[in-house]
S.K.: 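Before I ask anything, here is the structure I am working with.
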Amino acid sequence: MPAEADQAYDPVAVEASWRARWDREGTNSFTLEELRTAERPFYNLMMFPYPSAEGLHVGNIYAFTGADVFGRFKRMQGHDVFEPIGFDAFGIHSENFALKTGVHPTELIPANVANFRRQLRRIGGMFDWEHTVDTTDPDYYRWTQWLFLQLFRHGLAEQKEAPVNWCPSCMTVLANEQVIVGACERCGTGVEQRFIRQWFFRITEYADRLLRNLKHIDWSDTTLKAQYNWIGRSEGAELHFPLAGTDREPGQGDTGDEPGAGATRITVFTTRPDTVFGATYVVLAPEHPLVDAVTSDECREVVGAYRERTRAKDLVARKKVEKRKTGVFTGGYCINPASGDRIPVWIADYVLMGYGTGAIMAVPGHDERDFDFADTYRLPIPRVIAAPGEGADTPLSIAYEYPTGTLVNSGRYDGLSVEEGKKAIVADLAARGLAEAKVVFRLHDWCISRQRYWGPPIPIIHCGECGPVPVPEDDLPVVLPHVEDFRPDETGVSPLSRVREWYEVACPSCGGDATRETDVSDTFLDSAWYFLRYPSTDFPDRPFDPGITRRWLPVDCYIGGNEHAVLHLLYSRFIVMALHDMGLLDFEEPYDQFRAHGLIIREGAKMSKSKGNVIIPDPIIERYGADTFRVYLMFLGPFVEGGDYQDQGISGPHGFLHRLWESVVAIEDEAEARDDIDPAVEQKLHQTIQRVTEQVGTLRYNTAIAAMMEYLNAARAGGRTPARAEIEPLVCLVAPFAPHIAEELWRRLGHEHSIFEGANWPSFDPARAAVRVARVAVQVNGRVRGTVSAPVGADREAVVALAKSEPNVARHLEGMEVRRIIHVPDRLLNFVAAQAAAVGGTSG
RNA sequence: GCCGAGGUGGCGGAACCGGUAGACGCGAAGGUCUCAAAAACCUUUGCCCUUGCGGGCGUGAGGGUUCGAGUCCCUCCCUCGGCACCA
């Protein structure tokens, strides 16, 4: 019946017609009723993209295809798979683009989103277009602002002073990525640090729980490790070093270590209190509040200059490792609480105010950075830990940092192990009020303030009388006002504060004159809860519906890039944990399973716009079709590791789909099943179903595709036409990878419904997959000398007999004495043999 | 510097739990079909020696354990990704 033209595989036509049918029939979308009643809900999430002007990047397509394959696979196994997509459209890139091209983000973003939607449809993702999210939509960010208010109410949002990168020429705050070797990326002016008041979420309160929960979530190993290291729990102690005056005036000791004039001691944090006898000086961060108090008059000028220089460094430079450490002596001294020695106080920019107490005790003998510093400034480097085989006087040529050994030069603690020393010293100092055991985390609080335009305004009103007052929830959203030119001006105030009718408001609490917060929030806040919104987009009056949320969350499978291994994933875990504690969610981890995918490179090189080697998907899809493109992307390497896109390689998958098409077309008109199923092909089919099922389930897509290719090759070997029962299951196996062609072939095989409606994933019969004859490798002294075929499970004697009758094996055993026989059933037989002893003499 | 991942044919990559290294695909060579081209199909393809049978070598380098190592252990080299001098 089909016309001649209908017989040839035309991917573009097939794909267009099936996309239309999916839309028409709502194949991939849920109604509210369906969301409420789905019996086997499976929430398949992927990281939503930033809709750039360049269009969908292959990296995005790679990630989405891999996630979509998994979703379709689950669906064919009978799950109700919800697979939403959205747009993470706020942020710095739109602002930059706008400043460069003059296109306002409010025009740019809708155009980009429209283009992304077109491209996303084209790649054949199973997206539910009835449930999408756009973070710049006031109907979305209204709830982002609501979320801020919940955190504020529960004491998890607070204002603190914090440093930012400031470009004095652009008069604006820069992100770390906008600072290029200490200069502004736009104008090249040197960047400096400024301290400004900003909003923080107190994620550190959750540090311990965020760390503990890592033990029971099913995530990629690398991602778990990254989170573990990022949170960075370290056990140690705070030690107090009483001030001891300057060179001129001796100090007097009392208590209290509050920063400022009255303070009389420096508190440091250390993980190695056992090395305290080796602390020969103390270093303060240049910003430390005690610097003024300890600095002597002689040193004041030098110290002031050094602090100036530090301030002039940008945040990126501060954190970079420099070989040569710098610092200056303050002229002040303090007392080592363990040894009682009077030791100098320095300041140096390798000590950061943001970590621990902003002060360290320097133990040059046992810390590499302190060693370098002491070496540079000729400070003493005593040894206080001896490794096995070393003594108290063994010279140190480098810092000995290993946490094992014995204490030396440490008074009455000599001879204790590192562990014992830690305990004893902290206990004794604590008894004298000079120490407390403490756990610190390297995780900082989450700064969500952005001094920018393109983001959701933070819903706070500042009132002279009442302080910061939350915007009443009924007044949400606080709509971002349209500012045509949001460039900063000489006034140095935020662009939002120039919109007076927006900026000036009555205080919701007292009614007096007040002003709105002009910072917008971090885009990481937008993405910290978007997965809660997707299934509830049908509800305009609540962020997430409790019933729907209970049915669909937590997310069953989340696939995304490891570039978000830390921040995004950690922040969303924190938000969910906080909402859980507020009683708004009944789970505390958002993602049951997370898998990080790899990166895709091209012809061995990283893709970048500047190199001009970026893959542009549209022409490839036009030429080969989305199905071929998808199969190729999944074939070129293990999904979790990424792979190398080689332009010519796509012809392999293309040919495969062609052959599959031809095999179906060759039999589609046949009335009923032919009877010529080849037993060998049948066996291979069952093996293939087994392999593909296992491998797709564990994201080993490349080998799953290889197995399918191998099977099709076998079914068509010698020009044979596969029978219907041989080819139909393959159509199903291919479907998650190449959904359009699978639908078309499924229809041609006589099925009315979509291949994705109903549990069409084929099952295999282990009995039919079982191998009956094994090929056993025969070795003589570990070298393969032949192969024999033996029935599966054949015993040692039988295999030995077969092996010995193999001529080449027999030849190698001639004149040898077999000492041992290793038999690995169904795999291998190894004769361990030596030259028979009897033969004397030599031979050439 | 630290953390993480990884080094296998001309190329991308396979290889269960230590058991025939190189599946699958690209590329290359030869062939079939065709007026021709494309597509498709068939054969060969790790390197070296050999007409053939067969043999030797071979998974970044060097050692080790083992009947047997791409896989386990030690030392070293290189590549990629991430980063925060975190005390």
Side-chain angles (χ1 to χ4, degrees), chain A residues 8-9 221-223 225-226 228-230 232 234 236 268-272 275 283 315-316 318-323 325 348-352 354-363 366-370 372-373 401 440-444 562-563 565-566 596 598-599 601 603-604 606 632 635-638 640-656 658-659 662 700 702-711 713 716-719 775-787 807-808 811 819-833:
Chain A
Y9 176 37
D221 221 39
T222 51
T223 315
K225 274 182 192 151
Y228 187 88
N229 291 336
W230 189 266
S234 42
V268 306
F269 175 78
T270 178
T271 54
R272 294 296 303 275
T275 62
V283 187
L315 295 173
V316 182
R318 251 329 264 291
K319 289 168 181 172
K320 252 223 189 110
V321 188
E322 267 156 43
K323 207 148 193 166
K325 314 255 177 275
D349 66 3
Y350 78 95
V351 174
L352 304 174
Y355 188 79
T357 60
I360 62 160
M361 64 175 201
V363 184
H366 304 281
D367 182 285
E368 201 188 321
R369 292 155 304 168
D370 298 340
D372 290 347
F373 191 83
E401 294 190 303
V440 304
F441 295 91
R442 54 182 286 277
L443 178 67
H444 311 317
N562 234 353
E563 69 272 17
V566 179
L599 293 177
I601 59 172
E603 313 277 355
K606 209 164 85 176
Y632 181 47
F635 180 64
L636 51 74
V640 297
E641 282 164 40
D644 188 358
Y645 186 100
Q646 303 191 328
D647 293 0
Q648 290 169 321
I650 197 167
S651 59
H654 190 236
F656 168 66
H658 249 280
R659 288 189 285 278
E662 272 159 23
R700 287 176 296 162
N702 57 331
T703 52
I705 293 166
M708 291 189 269
M709 288 173 166
E710 211 177 306
Y711 171 68
N713 291 346
R716 289 165 55 94
R775 282 165 53 77
V776 179
V778 182
Q779 301 181 333
V780 176
N781 287 332
R783 286 167 182 274
V784 179
R785 299 301 181 188
T787 321
N808 198 44
R811 199 163 66 80
R819 303 216 164 135
R820 213 174 135 190
I821 298 175
I822 311 280
H823 181 224
V824 181
D826 301 334
R827 301 213 62 128
L828 170 137
L829 188 74
N830 186 13
F831 292 100
V832 184

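Protein chains get the first letters and strands the later ones, always in sequence-line order, with residue 1 at the start of each.
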S.K.: For atom C1', what is the distance between B/rG58 and B/rG9, given to the nearest Å?
M.R.: 10 Å

S.K.: Would you measure the distance from the P atom in B/rC86 across to the matching atom in B/rG81 and give it in whole Å?
M.R.: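 So the two P atoms sit 23 Å from each other.
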
S.K.: So if I define the base as every atom that isn't primed, P, OP1 or OP2, how would nucleotides 17-34 of chain B read as a B/S/- string at a heavy-atom cutoff under 4.0 Å?
M.R.: --BB--BBSSS-------

S.K.: Please report the distance separating the P of B/rC77 from the corresponding atom of B/rC57, rounded so that it comes out in whole Å.
M.R.: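 Their P atoms lie roughly 29 Å apart.
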
S.K.: Using a cut-off of less than 4.0 Å, is there contact between a side-chain N or O of A/Arg716 and OP1 or OP2 of B/rC41?
M.R.: yes

S.K.: Does B/rC26 have a Watson-Crick or wobble mate here (both distances under 3.5 Å), and if so which one?
M.R.: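 Paired with B/rG10.
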
S.K.: Can you measure A/Asn781 atom CG to B/rG56 atom P for me and round it to whole angstrom units?
M.R.: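 Distance, rounded to whole Å: 12 Å.
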
S.K.: Give the rounded distance in Å between these two atoms: CG of A/Asp644 and C1' of B/rC80.
M.R.: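 Whole-Å distance recorded here is 12 Å.
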
S.K.: Which whole number of Å gives the distance between the C1' atom of B/rG62 and that of B/rG7?
M.R.: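 Here B/rG62 and B/rG7 have their C1' atoms 16 Å from each other.
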
S.K.: Which pair of non-hydrogen atoms, one from A/Ala362 and one from A/Asp370, has the smallest distance, and what is that distance?
M.R.: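 Minimum heavy-atom contact is CA-OD2, 3.4 Å.
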
S.K.: Taking OP1 and OP2 of B/rG82, is either one under 4.0 Å from a side-chain nitrogen or oxygen of A/Lys225?
M.R.: no

S.K.: B/rC2 P sits how many Å from A/Tyr350 OH, rounded?
M.R.: 17 Å

S.K.: Ignoring hydrogens and angles, tell me if any N or O in the side chain of A/Asn781 forms a donor-acceptor pair with the backbone of A/Ala833 under 3.5 Å.
M.R.: yes

S.K.: Nearest whole angstrom, please: distance from the P of B/rC3 to the CG of A/Asn562.
M.R.: 18 Å

S.K.: Write down the distance between CD (A/Glu641) and P (B/rG12), rounded to a whole number of angstrom.
M.R.: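 So the two atoms are 14 Å apart, to the nearest Å.
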
S.K.: Give the ring-plane orientation class for A/Tyr632 versus A/Tyr645, where under 30° counts as parallel, over 60° as perpendicular and anything between as tilted.
M.R.: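 It falls in the perpendicular class, over 60°.
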
S.K.: Taking all non-hydrogen atoms of both residues into account, name the closest pair between A/Ile360 and A/Val268 and its distance.
M.R.: C-CG1, 3.5 Å

S.K.: With no angle test and no hydrogens, is the base of B/rA87 tied to the side chain of A/Arg369 by a donor-acceptor pair under 3.5 Å?
M.R.: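 Pair found.
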
S.K.: At less than 4.0 Å, is any side-chain N or O atom of A/Arg783 found next to OP1 or OP2 of B/rC67? Yes or no.
M.R.: no

S.K.: Whom does B/rC57 pair with, Watson-Crick or G-U wobble, provided both distances fall under 3.5 Å?
M.R.: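 Checking every strand shown, B/rC57 finds its partner in B/rG46, with both distances under 3.5 Å.
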
S.K.: If pairing requires Watson-Crick or G-U wobble contacts with both distances under 3.5 Å, which nucleotide is the partner of B/rG18?
M.R.: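 With both distances under 3.5 Å required, B/rG18 matches none.
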
S.K.: Quickly work out the A/Leu599 CG to B/rG4 P distance and round it to whole Å.
M.R.: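 Answer to the nearest Å: 18 Å.
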
S.K.: Round to a whole Å and report the spacing from NZ of A/Lys606 to C1' of B/rG81.
M.R.: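 Result: 9 Å.
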
S.K.: For the P atoms, the ones on B/rC17 and on B/rC11, what distance do you get once it is rounded to whole angstrom?
M.R.: 27 Å

S.K.: Please report the distance separating the P of B/rA37 from the corresponding atom of B/rC48, rounded so that it comes out in whole Å.
M.R.: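 Their P atoms lie roughly 32 Å apart.
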
S.K.: Just N and O in the side chain of A/Ser234: are any of them under 4.0 Å from OP1 or OP2 of B/rA87?
M.R.: yes

S.K.: Indicate for each nucleotide in nucleotides 49-54 of chain B, in 5' to 3' sequence, whether protein heavy atoms under 4.0 Å reach the base (B), only the sugar-phosphate (S), or nothing (-).
M.R.: -----S

S.K.: Searching all strands shown, indicate the nucleotide that pairs with B/rG1 (Watson-Crick or G-U wobble; both distances under 3.5 Å).
M.R.: B/rC83

S.K.: Relative to the 5' end of RNA chain B, which residue comes earlier, A/Val440 or A/Arg700, by the nucleotide with the nearest heavy atom?
M.R.: A/Arg700

S.K.: So which heavy atom on A/Tyr350 is nearest to which on A/Arg369, and how close?
M.R.: CE1-CB, 4.0 Å

S.K.: Is there a side-chain contact between A/Thr275 and A/Met361 in this structure, where contact means two heavy atoms from C-beta onward sitting under 4.5 Å apart?
M.R.: yes

S.K.: Could you state the atom-to-atom distance from CZ of A/Phe656 to P of B/rA40 in whole Å?
M.R.: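 It works out to 14 Å between those atoms.
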
S.K.: Using O4'-C1'-N9-C4 for purines and O4'-C1'-N1-C2 for pyrimidines, with syn meaning within 90° of 0, is B/rG9 syn or anti?
M.R.: syn

S.K.: Using the C1' atoms only, state how far B/rA69 lies from B/rG64, rounded to an integer number of Å.
M.R.: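 Each nucleotide's C1' atom is 11 Å from the other's.
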
S.K.: Heavy atoms, side chains only, cut-off 4.5 Å: are A/His823 and A/Leu829 in contact?
M.R.: yes

S.K.: Expressed as a whole number of Å, how far does the P atom of B/rG22 sit from that of B/rG30?
M.R.: 26 Å

